[in-house]
Protein chains: 2
Amino acid sequence: MCIAGGAITGFSPEAAQPKSPAGERTPQRAASRHVAAHDHLYYEGDARDCLYVVESGWVKLYRTLIDGQRQIVGFANKGSILGLESDVEHSNGCEAVTPVSVRCIPMARVTEICLNDGKLANQLLRQVGRQLGAAQAQLAAVGTQSAEQKLANFLLTICDLCDDANDGQFDMPMRRGDMAEFLGLRLETVSRKMSEFQRRGWIRMESLYHCRIVRRDILESLGEGGTADDGPILRAS
Amino acid sequence: MCIAGGAITGFSPEAAQPKSPAGERTPQRAASRHVAAHDHLYYEGDARDCLYVVESGWVKLYRTLIDGQRQIVGFANKGSILGLESDVEHSNGCEAVTPVSVRCIPMARVTEICLNDGKLANQLLRQVGRQLGAAQAQLAAVGTQSAEQKLANFLLTICDLCDDANDGQFDMPMRRGDMAEFLGLRLETVSRKMSEFQRRGWIRMESLYHCRIVRRDILESLGEGGTADDGPILRAS
DNA sequence: CGCGCGGTTGATCAACCTCAACCCGCGTGG
DNA sequence: CCACGCGGGTTGAGGTTGATCAACCGCGCG
């Protein structure tokens with residue numbers, strides 16, 4: 001789902017001189033940074049002078065194509081490392097979906113890690129590997145699945161990723177448009193399908209950003225491409 | 001385009017005991033392996049006991065979804081490293097498109113590299129990063145572009161990747177179906193669009209698997225989302 | 001010769017997009 | 001206080017793209 005889990009440990013706060021990467025919000029001393037919801041952590045094309053480890057909150061990573069279309073290539077929360085896909089410039093933009101705090105790791109320190117701390121380097125390599133796998137999985141989903149399948153799988157993934165409240169209820173902090181850009185759909189389509197899922201009783205939206213999965217079984221079969229056997233449409237229009 | 005270029009150097013033939021990973025074609029002594037076109041290098045779910053570096057030929061990497069649909073997540077040729085996205089099992093299948101030769105690097109050696117050779121570890125990390133970036137780019141393409149854009153960009157990318165014959169002619173060893181599975185289309189759609197490109201004079205198929213780009217400018221503008229100004233349709237039906 | 005594989009082409013159809021109206025909650029300013 | 005606008009979401013009508021189903025072609029091969 002391109003929603004890479006898998007925390008990485010070992011980047012202790014020590015070391016990592018602030019280094020103040022060009023502008024805005026110089027970190028205190030422990031190279032940590034907070035950004036408000038809908039603010040950018042960095043833009044496409046910005047110099048990549050450090051990697052970030054998400055400590056709390058959700059961010060979205062996206063690309064803008066030449067014609068202005070956008071694709072969200074991943075959401076990330078606690079434990080994810082940001083910036084590994086880039087070389088000297090960030091090839092993704094990164095925007096906070098919720099309030100977010102991240103730890104900065106100057107690139108100099110990263111190469112230093114590779115040179116000296118093999119254990120950590122190996123761990124880092126596995127993290128990128130996981131991200132690559134996640135990206136490929138999402139590619140497969142976007143390339144082959146129907147709107148219904150995409151949405152069903154998306155809801156299930158987000159649900160499973162929110163370790164809090166695990167009885168099928170969860171916060172889904174992204175907007176409809178974000179989901180659409182992630183799934184390769186239009187926001188109207190997402191909205192329609194969400195409504196449909198709810199009408200049929202598969203899910204229940206307690207609020208716009210809080211969802212409860214009622215019929216996980218059906219969503220799962222739907223996500224796998226099975227037909228949902230056209231369960232009853234509650235209060236059919 | 002998920003067609004990761006960027007050769008990696010430094011994996012010299014020495015070391016790397018054959019180790020003969022379960023069955024078929026035990027490599028000579030220098031941990032090198034040859035596979036015929038349309039044979040598999042490995043399948044989804046196979047144990048990942050080594051990484052491979054492509055020495056010559058083209059392979060395709062794909063995933064199969066639960067409902068049997070397939071998505072090609074990347075093509076790879078000379079210099080690419082295969083298997084980095086996986087953990088203990090290969091999460092992609094890998095099939096030779098043309099005859100292929102690869103060099104095997106036992107996983108033990110990979111971790112050893114991380115522990116001892118920081119220089120190489122760093123290089124490895126960058127390779128995965130590139131692959132991740134490529135996967136994200138492809139995700140963006142599949143998620144947002146029209147069939148026409150996808151195909152135009154695809155042709156251009158393949159062309160640029162074939163360092164041989166660089167005057168717009170190139171071998172395109174994959175089948176129509178492969179392109180379709182890569183671009184998130186159906187093979188009929190690919191076929192139709194290819195025919196259309198040719199009718200309009202943008203490209204010329206010398207043979208089924210050899211293409212010459214005639215109007216690179218138009219393909220480029222098309223790929224960026226611009227309309228091709230509806231150039232003349234040669235021999236309109 | 002017949003068959004199978006890969007590709008092309010045509011007709012039809014449905015999924016999804018597009019455009020547009022509308023709703024609701026909220027913050028702002030008169 | 002209310003009017004207003006705005007952002008985000010929902011819903012509807014209609015159009016287009018690309019999928020589906022099916023026929024057909026050319027070629028290589030047993």
Whichever of Arg192(B) and Arg175(B) has its nearest DNA chain C nucleotide further upstream toward 5': Arg175(B)
Separation of dA15(C) P from Lys150(A) NZ (nearest whole Å): 14 Å
Contacts of Asp87(B) that satisfy salt bridge (charged side-chain N to carboxylate O under 4.0 Å, His left out) - sequence neighbours left out: Arg126(A)
Integer-rounded Å distance: dC5(C) P and Arg176(B) CZ: 18 Å
Whole-Å gap separating P (dC16(C)) and NZ (Lys193(A)): 6 Å
Which residues share a side-chain contact (heavy atoms from CB on, under 4.5 Å) with Ser146(B), sequence neighbours left out: Glu148(B), Gln149(B)
Ring centres under 6.0 angstrom apart (Tyr42(B), Tyr52(B)): yes
Residues that Arg215(B) engages under salt bridge (charged side-chain N to carboxylate O under 4.0 Å, His left out), provided they are two or more places apart: Asp217(B)
Set of residues satisfying side-chain contact (heavy atoms from CB on, under 4.5 Å) with respect to Arg204(B), sequence neighbours excluded: Glu206(B), Arg212(B), Val214(B)
d(OH, Tyr209(B); C1', dT8(C)) in whole Å: 13 Å
Covered region of DNA chain D, 5' end to 3' end, by chain A [heavy atoms, under 4.0 Å]: dG8(D) to dA13(D)
Whole angstrom value for the distance that separates P of dG6(C) from CZ of Arg186(B): 17 Å
Rounded distance in Å - CD (Glu196(A)) to C1' (dA15(C)): 12 Å
Residues forming a side-chain contact (heavy atoms from CB on, under 4.5 Å) with Glu181(A), sequence neighbours excluded: Arg70(A), Ile72(A)
Distance-only donor-acceptor check, side chains Asp46(B) and His90(B), under 3.5 Å: no
Sugar-phosphate only, base, or nothing, as touched by Leu185(B) at under 4.0 Å among non-hydrogen atoms: sugar-phosphate
For Glu188(B), side-chain contact (heavy atoms from CB on, under 4.5 Å) partners two or more places apart: Arg186(B), Arg192(B)
Touch class at under 4.0 angstrom, heavy-atom based, for Leu208(B) against every strand present: sugar-phosphate
Listed partners of Asp178(B) passing salt bridge (charged side-chain N to carboxylate O under 4.0 Å, His left out), at least two apart: Lys60(B)
Distances under 3.5 Å only, N/O to N/O: pair up the protein atoms with those of nucleotides 20-28 of chain C.
none

Between C1' of dC17(C) and CD of Gln145(B), the distance in whole Å: 17 Å
